[in-house]
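Structure, as structure tokens:
Side chains are part of it too, since the values below use all heavy atoms of this structure and drop only hydrogens, waters and symmetry mates.
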Amino acid sequence: MKLTKRIALALAAFTALSLLAGCAPAGEQEPLPTLPPLSAPIFQDRAQLSALYEQVHIEDKLADVIVRLGQPEKRQTANGEEYYEWRKDGAGVAASFRLDETVQGKVIYYDDLRQLQALTGEVDLSNAMLIKAGTEFMYAQALLGNEGVEIASSSREDQQGRVVVTRLYTWVNPDGSHLDVEVDEQDKVVECKSYLVAGA
């Protein structure tokens with residue numbers, strides 16, 4: 001996942017990734033780019049950040065979400081894919097919908113991933129090497145010292161026709177280094193990871 005991005009990019013990237021048959025089991029490591037100073041405010045309240053996100057559920061109908069959150073802004077990604085965005089009191093969520101108007105994916109609104117640093121606390125990303133596909137999520141959280149922040153969720157059907165919900169969690173350090181972990185909601189195991197570290 002990119003460090004700085006608009007919500008459309010985050011939603012499109014995560015939804016597309018979740019529709020793939022799989023991902024690299026060992027994870028992907030990328031070098032940390034040179035970053036501009038953080039200009040967006042740092043989030044301090046996890047509940048406030050997630051207030052709208054927690055009110056949108058995979059498989060919800062668009063009409064039900066509108067009743068719950070009000071009329072959204074309808075937007076498009078650069079590829080022309082439509083999504084809906086709700087913003088209120090500093091919180092925000094965007095969601096993509098299937099043709100039957102059920103939620104396929106959702107993502108928390110943020111401008112820069114570094115805004116989440118106070119919510120995850122500083123983490124030792126050398127422990128990311130110990131987290132692999134199949135690692136129990138509770139063990140991964142213990143290695144990192146906290147639960148991370150859920151920033152996205154998406155669903156797909158597997159080969160057996162089972163609806164698989166994948167949740168994306170992140171851990172962010174003040175220098176912008178961070179770890180993203182995708183977790184199978186039902187089995188509570190890591191599907192894959194990616195991370196940016198200084199000096200990589």
Could you give me the CA-CA distance, side-chain angles and deciding distance for Asp180 and His178, then say whether side chain to side chain contact (heavy atoms under 4.5 Å, CB included) is met? CA-CA 7 Å; Asp180 296 324; His178 70 279; 3.4 Å; yes
Measure the spacing between CD of Gln117 and CD of Glu122 and express it to the nearest 0.5 Å. 9.0 Å
What do the steps show when you test Val165 against Ser153 for side chain to side chain contact (heavy atoms under 4.5 Å, CB included), and what is the final call? CA-CA 7 Å; Val165 176; Ser153 180; 3.6 Å; yes
Is the charged tip of Lys74 near the ring of Tyr83: under 6.0 Å from the six-membered ring centre and within 45° of its axis? no
Test: Lys188 and Glu136 ion pair at under 4.0 Å: no
If you draw the axis of the six-membered ring of Tyr84, does the NZ or CZ of Arg75 fall within 45° of it and under 6.0 Å from the ring centre? no
Between Arg98 and Ser155, is there a side-chain donor-acceptor contact under 3.5 Å, judged purely by atom types and distance? yes
If we only count heavy atoms from C-beta on, is the Val189 to Val183 side-chain gap below 4.5 Å? no
Salt-bridge criterion met for Arg156 and Glu191 (N-O under 4.0 Å): yes
So does Asp175 pair up with Arg114, basic N to acidic O under 4.0 Å? no
Within-4.5 Å side-chain heavy-atom neighbours: Phe97 and Thr102: no
With sequence neighbours excluded, residues passing side chain to side chain donor-acceptor pair (under 3.5 Å) with Ser39: none
Exceeds 12 heavy-atom contacts within 6.0 angstrom, atom NZ of Lys88: no
Pair Glu147, Tyr169: side-chain N/O donor-acceptor within cut-off below 3.5 Å: no
Is it true that Glu150 and Arg167 have a side-chain N and a carboxylate O under 4.0 angstrom from each other? yes
